[in-house]
Participant: 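Before anything else, here's the structure in question.
Please read these numbers as outputs of a predicted model, since none were measured by experiment. Note: hydrogens, waters and symmetry copies are ignored here, and every other heavy atom, side chains too, is used.
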Amino acid sequence: MDTSSYLALLGVAVVLALTPGPDTVLTLGHALRRRRDGMLAAAGSAVGVLAWAGLVAVGVAAFLNSSPAAFQALRLLGGAYLFHLGYRAVTAHAPAPATAVPATTGAAQVTGSTAAVAPTRPGPSRRRVRSAFTAGLVCCLTNPKTGLFFLALLPQFTPPGAGALFVVVVMGGTVAATIGVHLLVVALAAHTASTWLNRPTVTRRIELVSGAVFVALGLMTTVPVLASWV
């Protein structure tokens with residue numbers, strides 16, 4: 001691949017990265033809660049792009065393009081996952097009822113006296129960290145448009161005689177790195193903004209909006225497929 005072809009590939013990758021999509025919304029949602037979660041969601045999306053490059057190299061995307069049933073099934077799966085993400089965003093920080101616990105004075109408990117206290121939130125766990133990365137990965141892998149993007153990209157930029165390793169490492173690596181860097185910037189910017197907007201009412205509204213966006217994206221993904229069956 002010559003320099004001009006590589007620069008053209010890089011330009012296309014930048015345009016793809018700057019185009020808003022489920023990965024961007026997902027990264028924003030996680031970053032507003034915790035910077036590390038946003039960065040891990042961005043990393044998961046980048047790994048998903050690299051995985052799609054590998055799937056294209058072995059012909060999976062070509063199969064999806066030639067098999068309407070398989071393509072629609074993947075779209076339905078992706079739409080269902082977007083609905084799941086929307087539900088999680090809406091219910092992530094729903095107010096929890098206060099619990100009544102015995103009130104104490106010093107080391108002695110006051111008999112028959114109770115006090116309402118808000119439940120404590122658990123700290124960040126490894127499960128939560130894995131969840132952020134997995135969400136980014138699955139969100140990308142269930143988006144068949146990424147595979148079709150690589151399928152359309154291959155004939156334009158792949159040099160004659162290039163093998164699957166070239167497609168994955170050079171082409172896939174370039175696109176994955178570009179998208180990953182863009183999403184990391186989005187995550188860092190969102191987290192920085194959240195330091196000024198870190199009020200419960202504002203945070204809750206942002207989560208509701210992101211949940212609504214996920215649901216809307218899920219509808220845009222699944223409704224055309226379901227309409228084609230009618």
Side-chain angles (χ1 to χ4, degrees), residues 1-31 35-67 70-71 73-75 77-78 81-82 85 126 129-191 217 221:
M1 177 181 285
D2 55 28
T3 304
S4 59
S5 296
Y6 184 78
L7 290 176
L9 171 64
L10 186 59
V12 173
V14 170
V15 172
L16 178 65
L18 295 177
T19 303
D23 296 335
T24 304
V25 179
L26 179 70
T27 301
L28 278 171
H30 279 284
R35 180 174 58 186
R36 187 181 181 186
D37 289 354
M39 296 173 68
L40 285 169
S45 296
V47 172
V49 172
L50 196 61
W52 265 117
L55 293 174
V56 169
V58 299
V60 172
F63 167 73
L64 291 174
N65 194 34
S66 62
S67 174
F71 179 73
L74 185 58
R75 289 190 68 184
L77 178 62
Y81 188 67
L82 290 173
L85 292 176
R126 291 184 179 180
V129 168
R130 289 195 300 267
S131 176
F133 178 85
T134 303
L137 177 64
V138 175
C139 185
C140 183
L141 288 178
T142 53
N143 184 5
K145 292 182 179 180
T146 306
L148 296 181
F149 166 79
F150 276 109
L151 190 61
L153 197 68
L154 285 178
Q156 307 297 326
F157 299 102
T158 305
L165 186 62
F166 177 88
V167 173
V168 175
V169 175
V170 178
M171 301 183 68
T174 297
V175 178
T178 303
I179 292 177
V181 169
H182 167 70
L183 292 177
L184 282 175
V185 171
V186 169
L188 292 174
H191 180 75
L217 290 171
T221 301

Participant: For residues Gly48 and Cys140, report the shortest heavy-atom separation together with the two atoms involved.
Facilitator: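 Scanning both residues, the minimum pair turns out to be C-SG, 3.5 Å.
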Participant: What pair of heavy atoms forms the shortest contact from Pro22 to Cys139, and how long is it?
Facilitator: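 For Pro22 versus Cys139, the nearest heavy atoms are CB-SG, 3.5 Å.
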Participant: Rounded to the nearest 0.5 Å, how far does CG of Leu28 lie from CG of Asp23?
Facilitator: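 Output value for this atom pair is 11.0 Å.
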Participant: Mind jotting down which residue pairs meet the side chain to side chain donor-acceptor pair (under 3.5 Å) criterion with at least one end in residues 166-175? Sequence neighbours excluded, please.
Facilitator: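 Pairs touching residues 166-175 that pass the test: Tyr6-Thr174.
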Participant: Please find the pair of heavy atoms, one from Ala41 and one from His30, that lie closest to each other, and give the distance.
Facilitator: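 Shortest heavy-atom contact: CB-CD2, 4.0 Å.
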Participant: Could you tell me whether the side chain of Val14 reaches within less than 4.5 Å of the side chain of His182, counting heavy atoms only?
Facilitator: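 Side chain of His182 against side chain of Val14, heavy atoms only: no contact under 4.5 Å found.
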Participant: Report, one line per pair, each donor and acceptor closer than 3.5 Å where one atom sits in a side chain of residues 166-173; sequence neighbours left out.
Facilitator:
none

Participant: Would you compute the distance between atom CG of Asp37 and atom CG of Leu26 and round it to the nearest 0.5 angstrom?
Facilitator: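 Separation between the atoms: 10.5 Å.
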Participant: I need the minimum non-hydrogen distance between Ala51 and Leu141, along with the two atoms involved.
Facilitator: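 So the minimum-distance heavy-atom pair works out to CB-CD2, 3.8 Å.
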Participant: Let me confirm one number: the CG-OG1 distance from Leu40 to Thr134, rounded to the nearest 0.5 Å.
Facilitator: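 Spacing of CG (Leu40) from OG1 (Thr134) equals 9.5 Å.
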Participant: Return the set of residues passing side chain to side chain donor-acceptor pair (under 3.5 Å) with Thr178 (not counting sequence neighbours), or none when no residue passes.
Facilitator: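 None.
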Participant: Determine the minimum heavy-atom distance between Ile179 and Val49, stating which atoms define it.
Facilitator: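 The answer is CD1-CG2, 3.9 Å.
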